[in-house]
Peer 1: 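Got a structure for you, questions after.
Both backbone and side-chain heavy atoms feed into the values below; hydrogens, waters and symmetry mates do not. Residue numbering restarts at 1 for every chain, and letters A, B, ... go by the order of the sequence lines.
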Amino acid sequence: MLSLQLIRQNPDLVRDSLAKRGEAAALDEILRLDEDRRRLIQEVEGLRAKRRQASKDIGQMKDKPEALLAEMRDTGGQIKSLDHEISRNEEGLNDLLLRIPNLVHPSVPVGRDESDNVMVRSWGEVRTFDFEPLPHWDIGTNLGIIDFERGVKISGSRFYVLRGLGAKLQRALIAFMLDLHVSEHGYTEVYPPFMVKRETMLGSGNLPKFADNLYHDEEDDLWFVPTAEVPVTNLHRDEILEPGSLPFYYVAYTACFRRESMSAGKDTRGIKRGHQFDKVELYKFVEPHTSDDELEIMVADAESVCQKLDLPYRVLQLCGGELGFNATKSYDIEMWVPGCAEWLEVSSCSNCIDFQARRANIRYRPQQGEKPQFVHTLNGSGLALPRVVIAVLENYQQPDGSVAVPEVLRSYMGTDVIR
RNA sequence: GGAGAGGUGUCCGAGUGGUCUAUGGUGCCGCUCUCGAAAAGCGGUGUUGCUUUCGGCAACCGUGGGUUCGAAUCCCACCCUCUCCGCCA
């Protein structure tokens with residue numbers, strides 16, 4: 001959420017920023033509602049002050065004059081109707097505010113789609129094979145470690161079953177990534193709920209705008225998380241963090257659930273895009289002046305997973321048109337997958353500045369006795385499964401159809417080859 | 001799911017219709033005393049909105065309604081926590 005004060009004081013800055021995303025928002029409507037709101041508040045507060053004084057006086061009197069009581073009855077009615085008007089106004093205002101995306105960071109390249117993203121760097125050599133590398137669906141089916149048909153039988157399209165060393169490979173990757181981020185990068189592991197309340201989805205920015213991508217339990221109004229970013233953002237919702245306590249680094253494994261209704265018909269083959277997938281997520285709560293640097297460090301933390309697995313990748317900076325709703329600036333990490341012959345997104349790291357903090361009311365006190373300020377939040381995949389499973393299978397495949405296990409996973413897998 | 005108890009500021013805890021402008025303690029900050037510290041004493045110490053004469057005004061006692069001239073206090077609904085019972089991994 002953007003600061004209403006910022007919109008009021010500098011609407012052109014907000015308009016320009018929205019233009020960089022190719023979006024328009026109802027700024028004029030917001031400004032009008034804000035003006036009405038402030039007028040109504042002044043009016044009702046004047047009446048309240050009057051009533052307060054009168055009530056105090058009445059309390060002292062022996063004989064309560066009926067005329068005064070009647071007048072105050074009337075004032076009470078006015079207050080009530082103004083209160084209703086104000087809450088209607090604020091509801092409308094809030095709803096508009098909650099649908100405006102974050103400001104765009106000045107360093108973000110101009111552009112409309114993925115062709116305008118900018119490659120920042122790349123790492124590792126793209127592997128060459130003296131045989132035709134297979135896509136992961138063939139490798140997985142041949143080895144009996146991915147079962148598409150039974151996934152569909154159980155749950156429908158875009159579901160699959162991992163089996164044997166396939167299931168174990170995914171589990172090994174999760175354990176490896178969690179251990180790496182905890183022991184080498186200073187993150188604290190958390191295991192959050194996978195189903196959350198409506199307010200939690202509002203705080204992280206997924207509601208109200210993106211309801212159509214979420215699974216929802218009607219009976220208890222619980223929502224399935226599309227990413228660990230959702231519960232982890234809300235760890236510190238409505239808190240004022242003590243001076244000196246920031247930064248907080250969290251790493252969380254969760255399953256993620258997405259309808260993917262926007263991508264119908266896209267990536268239907270294989271396990272690249274399912275309705276349920278696993279992810280290890282990095283998340284930071286930091287002081288505002290550090291968030292630019294913290295983003296670079298987070299990307300490096302995610303990259304180190306790729307490096308330790310010895311999987312070639314490239315880092316892209318997203319252009320304005322590709323930025324997510326919450327993000328002011330984002331980097332994507334893409335791994336080369338030779339079977340599918342494409343760059344596959346395995347991570348997206350974003351600085352959300354105070355956008356989520358304002359929605360979720362997460363503040364910190366810079367110094368003892370100072371006013372609380374909104375923190376900055378950052379999130380990034382570290383990394384997303386099963387896409388890393390795809391990358392391992394396709395990059396480590398061998399001519400006989402087996403798959404070598406990357407060095408760092410061998411102790412987790414208890415084997416050096418999947419056959 | 002059933003029964004009971006409870007939710008007040010950093011924390012503990014008082015307050016059952018009107019000087020509540022929320023008692024008291026604790027923590028924290030400052031000052032006095034001291035070579036310094038402790039102790040003691042004194043003063044200060046929440047969040048938000050509106051206004052900007054910088055001084056005010058208003059809201060906030062789990063949440064939302066209601067009653068009343070006036071609600072932390074009375075009424076209704078809901079949420080959460082604790083204890084016991086039932087069920088269960």
Peer 1: Would you call the rings of Y253(A) and F194(A) parallel, tilted or perpendicular if under 30° counts as parallel and over 60° as perpendicular?
Peer 2: perpendicular
Peer 1: When you compare rC78(B) with rG2(B), how far apart are their P atoms, in angstrom units rounded to a whole number?
Peer 2: 11 Å
Peer 1: In whole Å, measure the gap between the C1' atoms of rU10(B) and rC28(B) for me.
Peer 2: 8 Å
Peer 1: rU10(B) P sits how many Å from L241(A) CG, rounded?
Peer 2: 14 Å
Peer 1: Say you pick atom P in rG17(B) and the same atom in rG30(B); how far apart are they, in whole Å?
Peer 2: 43 Å
Peer 1: How is R8(A) classified with respect to the nucleic acid when contacts are heavy atoms under 4.0 Å: base, sugar-phosphate, or nothing?
Peer 2: sugar-phosphate
Peer 1: What stems show up for RNA chain B when you take Watson-Crick pairs (N1-N3 plus N6-O4 or O6-N4) and G-U wobbles (N1-O2, O6-N3), both under 3.5 Å, and require three or more consecutive pairs?
Peer 2: B:1-7 with B:79-85, B:27-32 with B:40-45, B:46-51 with B:55-60, B:62-66 with B:74-78
Peer 1: Which of residues 192-201 of chain A sit near RNA chain B, with a heavy atom under 4.0 Å from it?
Peer 2: none
Peer 1: Rounded to the nearest Å, what distance is computed from the CD atom of residue Q53(A) to the C1' atom of nucleotide rG18(B)?
Peer 2: 13 Å
Peer 1: In terms of side-chain geometry, is the basic nitrogen of E35(A) or R8(A) positioned less than 4.0 Å from the acidic oxygen of its partner?
Peer 2: no
Peer 1: Rounded to whole angstroms, how far apart are CG on D238(A) and C1' on rC79(B)?
Peer 2: 15 Å
Peer 1: For the C1' atoms, the ones on rU47(B) and on rG36(B), what distance do you get once it is rounded to whole angstrom?
Peer 2: 38 Å
Peer 1: Looking at residues at least two apart in the chain, or sitting in another chain, which of them share a ring-ring contact (aromatic ring centres under 6.0 Å, His included) with H105(A)?
Peer 2: none
Peer 1: Would you call R32(A)-D28(A) a salt bridge at under 4.0 Å N-O?
Peer 2: no
Peer 1: Counting only heavy atoms not in E66(A), do more than 12 sit closer than 6.0 Å to its CD atom?
Peer 2: yes
Peer 1: Decide, yes or no, whether a salt bridge links R15(A) with D12(A) under the criterion of side-chain N to carboxylate O below 4.0 Å.
Peer 2: yes
Peer 1: Under 3.5 Å between N/O atoms: give me all the protein pairs with nucleotides 55-58 of chain B, atom names plus distance.
Peer 2:
{"unit_1": "rA58(B)", "atom_1": "OP1", "unit_2": "R52(A)", "atom_2": "NE", "d": "3.4"}

Peer 1: Just the atom pairs and distances: protein N or O near nucleotides 65-71 of chain B's N or O, under 3.5 Å.
Peer 2:
{"unit_1": "rU67(B)", "atom_1": "OP2", "unit_2": "K80(A)", "atom_2": "NZ", "d": "2.8"}
{"unit_1": "rC69(B)", "atom_1": "OP1", "unit_2": "R73(A)", "atom_2": "NH1", "d": "2.4"}
{"unit_1": "rC69(B)", "atom_1": "O2'", "unit_2": "S55(A)", "atom_2": "OG", "d": "3.4"}
{"unit_1": "rG70(B)", "atom_1": "OP1", "unit_2": "R51(A)", "atom_2": "NH1", "d": "3.2"}
{"unit_1": "rG70(B)", "atom_1": "O4'", "unit_2": "S55(A)", "atom_2": "OG", "d": "3.0"}

Peer 1: List the residues meeting salt bridge (charged side-chain N to carboxylate O under 4.0 Å, His left out) with R163(A), not counting sequence neighbours, and say none if there are none.
Peer 2: none
Peer 1: Give a yes or no answer on whether the side chain of H275(A) reaches the backbone of R258(A) with a donor-acceptor pair at less than 3.5 Å.
Peer 2: yes
Peer 1: What's the gap between rU19(B) and rG24(B) when it is taken at their P atoms, as a whole Å value?
Peer 2: 16 Å
Peer 1: Would you say rU51(B) has OP1 or OP2 under 4.0 Å from some side-chain N or O of Q42(A)?
Peer 2: yes
Peer 1: For R358(A), give me all partners under salt bridge (charged side-chain N to carboxylate O under 4.0 Å, His left out), at least two apart in sequence or on another chain.
Peer 2: D354(A)
Peer 1: Using atom P in both nucleotides, what's the gap between rC57(B) and rU21(B) to the nearest angstrom?
Peer 2: 12 Å
Peer 1: Before giving the answer on side-chain contact (heavy atoms from CB on, under 4.5 Å), spell out for C306(A) and I333(A) the whole-Å C-alpha distance, their side-chain angles and the decisive distance to 0.1 Å.
Peer 2: CA-CA 9 Å; C306(A) 310; I333(A) 300 175; 4.0 Å; yes
Peer 1: Mind checking the C1' distance from rU45(B) to rG6(B)? Whole angstroms is fine.
Peer 2: 29 Å
Peer 1: What pairs with Y249(A) under ring-ring contact (aromatic ring centres under 6.0 Å, His included), at least two apart in sequence or on another chain?
Peer 2: Y187(A)
Peer 1: Which whole-number value in Å describes the distance from Q5(A) CD to rU52(B) C1'?
Peer 2: 13 Å
Peer 1: Counting C-beta onward and ignoring hydrogens, is there a side-chain heavy-atom pair between L98(A) and R359(A) closer than 4.5 Å?
Peer 2: yes
Peer 1: Suppose you measure atom P in rG25(B) against the same atom in rG41(B); what distance do you get, rounded to whole Å?
Peer 2: 10 Å
Peer 1: Looking at D16(A) and K20(A), is any side-chain nitrogen of the basic one under 4.0 Å from a carboxylate oxygen of the acidic one?
Peer 2: no
Peer 1: Expressed as a whole number of angstroms, how long is the span from L82(A):CG to rC50(B):C1'?
Peer 2: 14 Å
Peer 1: Can you name the residues that form a ring-ring contact (aromatic ring centres under 6.0 Å, His included) with F325(A), not counting sequence neighbours?
Peer 2: F210(A), F355(A)
Peer 1: Which atom pairs link the protein and nucleotides 45-48 of chain B when you take only N or O atoms and keep those under 3.5 Å?
Peer 2:
{"unit_1": "rU47(B)", "atom_1": "OP1", "unit_2": "R365(A)", "atom_2": "NH1", "d": "3.1"}
{"unit_1": "rU47(B)", "atom_1": "O3'", "unit_2": "R363(A)", "atom_2": "NH1", "d": "2.9"}
{"unit_1": "rU48(B)", "atom_1": "OP1", "unit_2": "R363(A)", "atom_2": "NH1", "d": "2.7"}

Peer 1: To the nearest Å, give me how far apart CG (L47(A)) and P (rC50(B)) are.
Peer 2: 18 Å
Peer 1: Pick base, sugar-phosphate or nothing for R37(A), based on heavy-atom distances below 4.0 Å to the nucleic acid.
Peer 2: sugar-phosphate
Peer 1: Tell me the interatomic distance from D83(A), atom CG, to rG64(B), atom P, rounded to whole angstroms.
Peer 2: 12 Å
Peer 1: Would you please name every residue forming a salt bridge (charged side-chain N to carboxylate O under 4.0 Å, His left out) with D212(A), sequence neighbours left out?
Peer 2: none
Peer 1: With a 4.5 Å heavy-atom cut-off, do R237(A) and E199(A) have their side chains touching?
Peer 2: yes
Peer 1: Excluding sequence neighbours, so at least two apart, what forms ring-ring contact (aromatic ring centres under 6.0 Å, His included) with W223(A)?
Peer 2: H216(A)
Peer 1: Roughly, in whole Å, what's the span from CG in L40(A) to P in rG49(B)?
Peer 2: 17 Å
Peer 1: Between V315(A) and D332(A), is any pair of side-chain heavy atoms under 4.5 Å apart?
Peer 2: no
